[in-house]
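Notes follow once the structure below has been shown.
The analysis underlying the following values was restricted to heavy atoms, covering all of them including side chains, and did not include hydrogens, waters or symmetry mates. Predicted, not measured: the structure shown is a model, and the values here were computed from it.
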Amino acid sequence: MKPRKKIYLYSIIIIALVYLALLAILYCSESSDSNAVIRTFGDAFWYSLVTLTTVGYGDLIPVTPLGHVVGIIFLLLSAGIMVTLLGAVLSFIASEGMPFLMLSLQRHKNWYYFADCEVESDALAANIYREDPDALIIYGEKPGSQSDTPHYPCVYLSISPDKIVAKKKNVGTKCKIFLMKENDIGVNRRAANLHNLPVEVYARTTNGQDKLSGNITFFHSYECCARQYWRSKPLCRHESSIVLIGFGNYGRSILERAILTNIISTEQHVTYHIFGDAGEFLAIHYRLGELFSLNTESGTRDALIFHEEAWAKNHAILERADRIIICEDDEQNGWSIFWTLNKYYQISGRIDLRSSWKVPGISYFGANEDIYTPQQIIRTVLNKAAIMINDIFRRSVSYPTLDWNELDDLHQQSKIVAADHLLMKTRILLRDETITELSAYLVKKAYDRYCYDTSSKSIKEMYRKLDHMRWLRFYIFYNWSYGPVRDDTARQHPMLCPYEDLTPEQKQERDAAWELMGIISTELE
């Protein structure tokens, strides 16, 4: 037994012995007097209760001098007992006793535990509460002095997740745990042993794979921002010059998603002007020159031009750009650039500004409430189409294949990119660039148009070539190269070549990505 517990136990024993001794003295002194009304030990006990609780019925009173002394002791103790009881009640309400009681009464709800109470956690928790009427939000710490009090019901408990899980007692759904600070999984003491708990863990990171263990999933806020940006503001046919100002975490992610999903025409030649340090990016993706024109504009293919000089010196590029994306990691610096462009430059295209809060009248992206959503973080909805694509593929082949959770990061990403391009395919087929959200109706309508268009052999070839461009970009981005047979270890594939060099059978394989739209539209319903 711990020393502190021993002290508590001994204190309780001593108090109990003193109380019994006082009762015995009261009983003995009163029972010997013929005029006394306290005649039994039970009478003495009843008198002590009504006196200590300050009720004072007056039905029993001591008459002997020794009984009066004991009565005075009980009267003096009653004030201390009431103060102690009141303090205990207030302490229970103000401390973690009340939150623990609330947890016990709400085990049937869906528990969401956040290790911290910062703006990112608040944004996600608010979105969860709006979407899940049975949500119970639990914070592992109270908000700081700079934070606003959440406007949704929540519980604050400064305890480790394992105690939270123990309180859940496996009732209802698994508790979901969120570590919203970057790379918190490695430094937060509350993250210890999470892989052993029956919970779902979502940890924010700046690098690494999507999975750490069976129950720990990483999410990248920069990737979430980039995917949200190109879904809400897709590339349009008239755009041929795009400027990215800022090439930190956000800028790299936005360019990566542009490379992987901005394929809208076999004749496109979009030039991306990137201002920022791109040395590491080019060193990692060293095969990009096979598909893109690097640092030189081209009239036949997309170009990536990386500028070492300051963006402010390139007046002509900025003023003729169809789109300028301000994606500085330092948000205040981004706002400064935004006001400078508007004040001193004659900008003909649109300016999109990364802002963590929504600003009326400005084309912004990356607001916390748009990025930190259940769809983005938990991804059950965001990756629904990608999971469908994998399941459809598994059903269409006779040999064993892996389900979604068994796929490695590369193969999950390949399905995600294919799913993200569904929006582009729908816009292309329906000739409608106002579409920014997918629905079963739109995908079905687009698929019907595909079936109609492919009655023309030349159009069918064009669609095949377009999807081959998308497929090539993905594998080249991940540094694959041509090989006579597929070799995942060597990163080689026999279809990593120009479309014209494919065999008729290989060209026909490109139909699958378009024909999947018919099945996906049914599944989305």
Side-chain angles (χ1 to χ4, degrees), residues 223-242 244 253-272 291-292 301-302 304 322-323 325 350 352 365 375 381-389 392 413-454 459-477 499 509-521 523-524:
E223 179 186 322
C224 292
C225 179
R227 291 181 73 181
Q228 185 261 344
Y229 175 74
W230 288 115
R231 284 200 311 274
S232 61
K233 306 177 190 297
L235 180 71
C236 296
R237 284 183 175 272
H238 73 274
E239 295 179 303
S240 60
S241 177
I242 295 178
L244 272 73
S253 294
I254 287 173
L255 181 61
E256 287 174 8
R257 304 316 295 187
I259 289 171
L260 296 173
T261 60
N262 283 356
I263 303 99
I264 59 177
S265 169
T266 56
E267 308 299 326
Q268 73 182 54
H269 45 90
V270 181
T271 300
Y272 296 89
L291 291 180
F292 293 86
R301 57 177 177 168
D302 287 1
L304 304 175
D322 298 302
R323 183 190 305 210
I325 308 171
R350 60 191 283 179
D352 295 331
F365 66 96
Q375 292 86 353
V381 176
L382 182 65
N383 288 340
K384 185 177 180 181
I387 296 170
M388 282 182 193
I389 288 174
I392 293 168
Q413 284 296 323
S414 70
K415 302 296 189 299
I416 288 170
V417 171
D420 284 354
H421 196 251
L422 284 174
L423 176 62
M424 283 297 187
K425 284 182 168 70
T426 302
R427 287 161 59 95
I428 292 166
L429 288 165
L430 297 180
R431 283 79 164 169
D432 186 351
E433 293 190 335
T434 64
I435 298 172
T436 57
E437 295 288 341
L438 288 179
S439 65
Y441 169 75
L442 287 175
V443 177
K444 177 64 167 60
K445 187 177 178 181
Y447 177 67
D448 291 342
R449 185 57 184 257
Y450 168 77
C451 294
Y452 174 81
D453 286 349
T454 50
I459 295 179
K460 190 167 190 174
E461 284 292 297
M462 183 270 290
Y463 286 150
R464 287 175 173 177
K465 185 176 182 180
L466 192 66
D467 194 68
H468 185 64
M469 286 173 60
R470 180 201 62 78
W471 186 87
L472 273 179
R473 285 196 182 192
F474 176 82
Y475 281 95
I476 291 296
F477 181 80
Y499 179 78
E509 286 186 29
R510 300 270 61 89
D511 293 339
W514 298 91
E515 291 171 353
L516 275 173
M517 297 181 74
I519 305 175
I520 289 173
S521 65
E523 298 278 352
L524 285 174

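The two atoms that bring Asp322 and Ser240 nearest to each other are OD2-N, 2.7 Å, heavy atoms only. The shortest non-hydrogen separation linking Arg237 to Ile264 is NH2-O, 3.4 Å. Glu239 and Pro234 get closest at one heavy-atom pair: OE1-O, 4.2 Å. For the pair Ala226 and Ser253, the tightest heavy-atom approach, listed with the atom from each and the gap, is CB-O, 3.4 Å. Among all heavy-atom pairs drawn from Leu235 and Ile242, the shortest one is CD1-CD1, 3.5 Å. When all heavy atoms are compared, the tightest approach of Ala386 to Lys415 is CB-O, 3.6 Å.
The side-chain heavy atoms of Asn262 and Val270, taken from C-beta on, include no pair separated by under 4.5 Å. Contact of the Met388 side chain with the Ile519 side chain is not registered, since no non-hydrogen atoms from C-beta on lie closer than 4.5 Å. For the pair Tyr447 and Tyr450, the minimum side-chain heavy-atom distance is below 4.5 Å. Residues Asp511 and Thr454 fail the side-chain proximity criterion, which asks for heavy atoms closer than 4.5 Å. Taking 4.5 Å as the limit, every side-chain heavy atom of Met517 sits out of range of all side-chain heavy atoms of Ile520. Using a 4.5 Å cut-off on side-chain heavy atoms (C-beta onward), Leu422 and Val443 make no contact. Taking 4.5 Å as the limit, every side-chain heavy atom of Thr436 sits out of range of all side-chain heavy atoms of Ser232. Contact of the Thr261 side chain with the Val417 side chain is registered, since non-hydrogen atoms from C-beta on lie closer than 4.5 Å.
Note that the OG1 atom of Thr266 and the CG atom of Leu466 stand 6.5 Å from one another [nearest 0.5 Å]. A distance of 8.5 Å separates OG of Ser414 from CZ of Arg470, quoted to the nearest 0.5 Å. The distance from the CG atom of Leu516 to the CD1 atom of Ile392 is 5.0 Å, given to the nearest 0.5 Å. Atoms NZ and NE2, on Lys425 and His421 in that order, are 5.0 Å from each other to the nearest 0.5 Å. Distance check: Glu267 CD to Lys465 NZ gives 6.0 Å after rounding to the nearest 0.5 Å. Phe477 contributes atom CZ, which lies 9.0 Å from atom CD of Gln413 (distance to the nearest 0.5 angstrom).
Arg257 contributes no side-chain N or O that, together with a main-chain N or O of Arg231, makes up a donor-acceptor pair within less than 3.5 Å.
In this structure, Lys445 does not pair ionically with Asp448, as no charged nitrogen and carboxylate oxygen lie closer than 4.0 Å. With salt bridges taken as basic N to acidic carboxylate O contacts below 4.0 Å, one links Arg473 and Asp302.
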Test side chain to side chain contact (heavy atoms under 4.5 Å, CB included) on Trp514 and Leu429; report intermediate values, then the result. CA-CA 10 Å; Trp514 298 91; Leu429 288 165; 3.9 Å; yes
So Glu223 and Glu256, side chain to side chain contact (heavy atoms under 4.5 Å, CB included) or not? Walk me through it. CA-CA 9 Å; Glu223 179 186 322; Glu256 287 174 8; over 6 Å; no
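The aromatic rings of Trp471 and His468 sit parallel, their planes meeting at an angle under 30°, below the 60° perpendicular limit.
In this view, Lys233 and Tyr229, Arg323, Arg350, Asp352, Ser363, Phe365 satisfy the side-chain contact (heavy atoms from CB on, under 4.5 Å) rule, not counting sequence neighbours.
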